[in-house]
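Reviewing the structure listed below.
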Amino acid sequence: MIKFTVYGEPIAQGRPRATTINGHVRMYDPKKSRDYKNYIRLAASEHKPEKLLEGPLSMKVKIYRPSLKSFSKKKAEMAEKGKLRPVTKPDTDNYVKAIKDALKSVIWKDDSQVVELHASKYYSQNPRIEIEIKELLEG
């Protein structure tokens, strides 16, 4: 099992941007998304397996967004205990998309190998993303 934490405010995958070069359309990641993926790669590289994982994988992601400044003391306490959860944008799957893209060629060969996924969003005074990857036995 591979477990690691990416500290700092989580950033969801942004909408792809397009530009035209010599009459050809080229799609690219917004700078904020690209920079965050590089940061995830850096954190993941410390837990890199000797050989890229190749079989089916299970992935568990816990996204801890910063608590809102507008929270009362009571609300902040509930949020910290996981009793008050973020139901606002960005969507959970947009965070996961960025993480899966970033881990390609660092932890696994391709993100299509993730056949089991559990992702959840929380508030915290200590924003971060906790990632857990398990190989599933084939056969």
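Everything numeric here is computed off the predicted structure, so don't read it as measured data.
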Query - Nearest atoms (heavy-atom pairs only) where H47 meets I107 - result: O-CD1, 4.0 Å

Report task. Grab the two heavy atoms, one from G14 and one from S33, that are nearest each other, plus how far apart they are. Result -> N-OG, 2.8 Å

Query - Closest contact, heavy atoms only, P86 versus R65 - result: CB-NH1, 3.7 Å

Query raised in the report: Hey, what do you get for CD1 (I11) to OH (Y95), rounding to the nearest 0.5 Å?
Result: 9.0 Å

Query raised in the report: Looking at side-chain heavy atoms only, is the closest gap between S124 and E80 below 4.5 Å?
Result: yes

Requested in this report: Evaluate side chain to side chain donor-acceptor pair (under 3.5 Å) for S112 paired with D110, printing each intermediate quantity in order.
Outcome: CA-CA 5 Å; S112 62; D110 192 80; 2.7 Å; yes

Query raised in the report: Just one of K37, K32, K31 clears the side-chain hydrogen bond (donor to acceptor under 3.5 Å, both in side chains) bar with D35, so which one?
Result: K31

Requested in this report: Kindly assign one of parallel, tilted or perpendicular to the pair Y123 and F71, based on the angle between their ring planes and the thresholds 30° and 60°.
Outcome: perpendicular

**Report entry** Cluster check I131, L117: I/L/V/M/F/W/Y, side chain < 4.5 angstrom
**Finding:** yes

Query - Side chain K121, main chain P90, donor-acceptor under 3.5 Å - result: yes

Requested in this report: Could you give me the CA-CA distance, side-chain angles and deciding distance for D29 and Q13, then say whether side chain to side chain donor-acceptor pair (under 3.5 Å) is met?
Outcome: CA-CA 8 Å; D29 269 345; Q13 173 67 47; 2.9 Å; yes

Query raised in the report: Heavy atoms, side chains only, cut-off 4.5 Å: are V96 and V114 in contact?
Result: no

Query raised in the report: Under a 4.5 Å side-chain heavy-atom rule over Ile, Leu, Val, Met, Phe, Trp and Tyr, are L42 and I99 clustered together?
Result: no

Report task. Return yes if some donor-acceptor pair links the side-chain N/O of E9 with the main-chain N/O of P127 below 3.5 Å, else return no. Result -> no

Query - Side chains of H118 and S120 in contact at under 4.5 Å (non-hydrogen atoms) - result: yes

Query - Shortest non-hydrogen separation from T92 to A119 and the atoms involved - result: CG2-CB, 3.6 Å

Query raised in the report: Just by distance, do the side chain of Y64 and the backbone of E130 share a donor-acceptor pair under 3.5 Å?
Result: no

Query raised in the report: Where do V106 and L52 come nearest, in terms of heavy atoms and distance?
Result: O-CD2, 3.4 Å

Report task. Supply the atom-to-atom distance R41 CZ to K48 NZ, rounded to the nearest 0.5 angstrom. Result -> 11.5 Å

Query raised in the report: Should we count NZ of K62 as having more than 12 external heavy atoms under 6.0 Å?
Result: no

Requested in this report: Evaluate side-chain contact (heavy atoms from CB on, under 4.5 Å) for R26 paired with T20, printing each intermediate quantity in order.
Outcome: CA-CA 6 Å; R26 190 179 142 260; T20 307; over 6 Å; no

Query - Gap between atom OG of S72 and atom CE of M78 - 0.5 Å precision - result: 8.5 Å

Query - From Q113 atom CD to L103 atom CG, the distance as rounded to the nearest 0.5 Å - result: 11.0 Å

**Report entry** Spacing of CD belonging to E46 relative to CD1 belonging to I2, to within rounding of 0.5 Å
**Finding:** 13.0 Å

Requested in this report: Please answer whether the main-chain N or O of K60 pairs with a side-chain N or O of K134 as donor and acceptor at a distance below 3.5 Å.
Outcome: no

Query - Minimum heavy-atom distance F4-A44, with the two atoms named - result: CZ-CB, 3.6 Å

Query raised in the report: Hey, does M59 have a side-chain heavy atom less than 4.5 Å from the side chain of W108?
Result: yes

Query - Nearest-0.5 Å distance, CD1 of residue I133 to CG of residue L53 - result: 7.0 Å

Query raised in the report: Quick one: are E132 and M1 in side-chain contact, heavy atoms under 4.5 Å?
Result: yes

